[in-house]
Every structure is written in C-alpha cells, then in structure tokens.
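Step one of this worksheet: look at the structure below.
For this chain, numbers begin at 1 and follow the sequence in order.
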Amino acid sequence: MTNLDWVVLVATLAFIVLYGMWKGRKNQDIREYLLANRSMPWYAVGLSIMATQASAITFLSAPGQAFSDGMRFVQFYFGLPIAMVVLCVTLVPIYHKLNVFTAYEYLESRFDLKTRSLAAFLFLIQRGVSTGVSIYAPAIILSSILGWNTNITCIIIGLLVLLYTVMGGTKAVSHTQMGQMTVILSGMAIAGILTVYMLPDEVSFVDAMKVAGKAGRLNVIDLKFDPSNQYNIWTGLFGGFFLAMSYFGTDQSQVGRYLSGSSVGQSRLGLIFNGFIKVPMQFCILFIGAMVFVFYQFFQPPVFFNNVEVNKVKQGAYATQFQALEQEHTIAFQAKQQEVKGLLDAIHTDDESQITAAAIRFDTAEAKVSGIRKQAIDLIRKSNPEAELNDTNYVFLTFVKNYLPAGLVGLLIAVVFSASMSSIAGALNSLTSTTIVDVYKRTLRPHEDESHYLLMSRWFTFGWGIFSIIVALYSDKLGNLLEAVNKLGSLFYGVILGIFVCAFFLRHIRGGATFYAALVSQGVIFALFAFTPIAFLWYNVIGCLLVVLIAVLISAGQKKAALQ
C-alpha cells in the first residue's frame, strides 16, 4: 500500500472510533446504554440494521462467491422483504408495547424462566461465535497485504471496536454505523465502476455481461426444486424467509436496533428500508464479483489467490513442482485468452451456431485452467495438510490490491474494516443486552441500582469482545466465511423462531411443552447437519416447524392426560 492508502485507511478508522466515543459519552443508565433512550429516527434505525447485518464477510466473500459460482447466492435474500413486512405487522408493535430491552424478556411472562433462558442461551452461543468470525474476516486483509500475523490482527480489530462500544453503547453503535454505511456504499460503488472501466478498450460493458453470462456467472435464478441445493429460488423464498424472520424477529443484534426507534412507525420504516434495499445491494455486490471474473479473463489471475499459502508451498519441498504448475497455468491462460476473444467475436456476429461453438471452446479452455488450479491446490494440501484451501475470500482483495489506484486501495480496505466494525459493535451490544437483562439482572443480581448495571454492562461488553477475539483466532478453517456464518446461524435460528411462534401465535401452548420441543428440535437440527446433505437454509424451516409440531403434540398429550 502507498502512503496515501495508509492516510485514507487510518483517518477513516480514527474518525469512526473517536466519533463513536464522543457520541456515547453521556450514558446515564442501561436504558440509554442498551436502547439509546428509544430516540433513533427511522433512517438511523434502517442503516443500523443494515450495517449490523452486512459485515466484512459480505464484502470479502460475496464477490468471491460470484467469481467462482455465479450470482445465484442473491436468491438467499429473496425471502427477506416478505419477512420485513410480516415483522412490521406482527412483532414490532408487540415489542414496543411491552417496553422490553430484549426479545427474550417476553418469553418469561408468556411461558416461564427456563424457556426464556434457553432462547437467550441459544442466541448467546451462535451470536458470540458469529462475532468471532466477523472479526477474523478483515484480519485476512492485513495478514495478506502486509504479511502480519493474523492472530495479532484479530486482536487489534477487536480492541478497536471495544474502544467505542464499551464506552458508548447503542448510541455510539448506531451513530457510527450511519457513517460506516456511507463509506461502505460509496467504496463499493467506486469499485464496481472501476472494475468495468479497467476492462480492455475493445470490451464494452455489454460485452462483459455477455461473457459473464456465457460463463455461467450471471445465473441469478434457479427454479429447480432440490433440498440439497444451497441456492435456488425455493430455498431462498422459504428458507430465507424463515431465516430472516428468526434473525430480525428474535435475534437481539437486530431487535435491539429497531427497539431503539423513537416510535413503532420509525422502527417499521427502518425495517422496510432494510428489506427493500438489501436485495439490490447484495445483487450489486455479487455483480461486482461477476465483473471481476470477466476482468480476469483478460488479465491473468494467480493460480491460487491466497498469497500466504502460496508463499508457504514455495518455501517447502514442493516449490519446484508448484512453480512448474504456475508456468503451465500461464500457458493455459494465454490459450484461454484467445478463446475469450473468439467468443466475443462470435457474440458480435449474432450467429448462434458460431456463439455456441465458441462457448464450447471457451469452456474447454476454462476446464484446462481449472484443472491446473486443482493440481496446485492438491500440492498446497500435500505441502501443508492444515492449509486453507478455499481462496474465494481472497479474490476481491487480490483484485483491489493489485489493480486499483493509490488512495482507492486504502478506501476499499476501509470499507471492509467499516463493515466489520459495524457488525461487531452491533453484535457486542446485543450480547451485552441479553447477558445483563436476561441473565445477570434477572437471575444473578436482581436488586442492584442503575449505576451498578451500567458498570456491569460495560464489563460484559468487554468480556464478550475478548471471547469473540478468541473465537476469531480459530476461524481460519471455515472456508467461505459468508457461507460459514449463515450456516452457523441456521443451526439455531429455526429453533429460536419456533419458540417465538409458539409464544405469539399458539396461545394454548405452555412453557414446558415449548421448552422440551425446542431441546428435541435442536438435537434433530444438529443430527441433520452431521449426517445429511440437506441445504443449511432448510434448517430454519425444519427447526421452526419441528418446535411447533412437537409442542402441539406435547400439549395435546398433557391435555389428554389431565382429562383422564
């Protein structure tokens, strides 16, 4: 990175940290610390929701996902707008009317303490681990660019967020997230424009789209129903809907964001804003990845995008073989370049027979390049059995580092840091809310004054930050981080949603039935994850429906036993 890049990066991060500390300096009690006194306008609520959801994983992994697999991942979000409308009609007014700090408070008044505690416990597990993954994602950047130790980088990132989150609480988080989303959206827009601009002069934007389409990188919609397929329209609509209902309706990291709204209307507007902006935003991010794929059809990519692993194999016993594969890769890429140009020429003729023949030749050349890449990955595995073999998280980073002009490299790295810090801060705040309200204040120390709870809120924020940093130190074996964090959430979200469905909509079901139904259902979800190929988004549907079904059966059995 150049000196200008460093100035842009350091100035952006310093502003975010100092601004957050300044905005949150006057908290007087936990209502202000955890809910910002319910004073936030709709646009702050909406941007805060989006920023908490859109972590650095989104901006690192999504372009790499489109680069390697096309844009079908966008179907993952198709259920989101529907879920936002349902939540606005159902849960938002209930939460505001109940005047709760967390989503789980209601479960005790509706059921009992053990059901409230179970839901809070499931949330704390998955959110605490997910936050650690969110810290690890941007750590990839500095470790790759500067050769820094990833563990040290994780610690630095975590401590930066803790500086303003511990001091400022929700108010600091929400205000900094507004600035962070501005940086994020501006930076990604610039990156998208430059990706197309840097294509060869003879390749127009329309040409780039056609090449991406012929290569299968614009495959947005898949109508085929297949429970084992992670990304098709049915998985997105149904699995995505249940995931969004659980995430935005029961996950304190999101509930806490719209509970800070100044009214029911402001919270609703914030949710609707997020629901209808998220899909096009994700589409654009994935589209950038598809354009990066086209860019690398004309400019040679590395045989493997993770420089750290490449450097390791080059320093080991397989260095000569790996370098030979790099030379083969260069020759194969040059041959593929000719086929790409031939494909473009055929496209310009509008002759379908020529286009089909050229596409077949391109696919053959692409397969040869992919075969050499697979050999290189096998060699990396032989050299280091514990190596990280999925390099999709490094695709966009490599492009930014190698091709964007000075200043913009620093800006794009600031984008990833901003995204990471915003989601981490929101998550830490939600972990603290749940711990202090649902565990500490409710069970351990119920009769302390407000100053004590405010002090303990800061300590719990610090403690969860340290826990998340520790998790981050062990997150390097998870593969594509975007998929990993959503898979982790799906293991728990369906069950948590099922508990809330019973609470809000099945008034005859009691706490004991719901509690045991949730325990059994969570065990089933773990078994499905371990022993079946079912796509992870379906865990949300199955988990929710299982809780409801088992709770209904237990309640019916209890009622029948009582009558006898």
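- Salt bridge present: Lys114 and Asp112 bring a charged side-chain N and a carboxylate O closer than 4.0 Å.
- Cation-pi contact between Arg217 and Phe293: present, with separation from the ring centre below 6.0 Å and deviation from the ring axis of at most 45°.
- Of the candidates Leu428, Ile424, Val161, Leu428 is the only one forming a side chain to side chain contact (heavy atoms under 4.5 Å, CB included) with Ser468.
- A perpendicular orientation is assigned to the rings of Phe504 and Tyr95, their planes being inclined by more than 60° (bins at 30° and 60°).
- Under a 4.0 Å N-O distance rule, the pair Arg442/Glu105 does not qualify as a salt bridge.
- Looking only at atom types and distance, the side chain of Thr435 has a donor-acceptor partner in the side chain of Trp464 under 3.5 Å away.
- For the residue pair Ser555 / His508, no side-chain donor-acceptor distance below 3.5 Å is found, with atom types taken as modelled.
- Side-chain contact, Asn306 with Tyr394: a donor N or O sits under 3.5 Å from an acceptor N or O.
- With a 6.0 Å radius and a threshold of 12 heavy atoms from other residues, nucleotides or ligands, Phe238 has its CZ atom at or below the threshold.
- Remark: side-chain polar atoms of Ser430 are paired, donor with acceptor, to backbone N or O of Ala427 under 3.5 angstrom.
- Taking the centre of each ring, Phe305 and Phe396 stay at or above the 6.0 Å mark.
- Heavy atoms of other residues, nucleotides or ligands lying less than 6.0 angstrom from CZ of Phe225 number more than 12.
- The backbone N or O of Asn393 lies less than 3.5 Å from no partner atom in the side chain of Asp391, so there is not a single donor-acceptor pair.
- Other residues, nucleotides and ligands place no more than 12 heavy atoms under 6.0 Å from the CZ atom of Phe529.
- For the residue pair Gln126/Asp251, the side-chain donor-acceptor check at 3.5 Å is satisfied.
- Checked against the 6.0 Å centroid criterion, the rings of Phe123 and Tyr104 qualify as a close aromatic pair.
- For the side chain to side chain contact (heavy atoms under 4.5 Å, CB included) with Ile509, the lone residue among Val547, Val548, Ile554, Thr514 that qualifies is Thr514.
- For the 3.5 Å distance criterion, the side chains of Thr461 and Thr432 qualify, holding a donor opposite an acceptor.
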Practice task
Carefully, step by step, assess Leu488 and Phe492 under the rule side-chain contact (heavy atoms from CB on, under 4.5 Å).
Solution key: CA-CA 7 Å; Leu488 175 64; Phe492 297 94; 4.2 Å; yes
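- Note: Phe536 and Phe76 have tilted aromatic rings, judged against thresholds of 30 and 60 degrees for the angle between ring planes.
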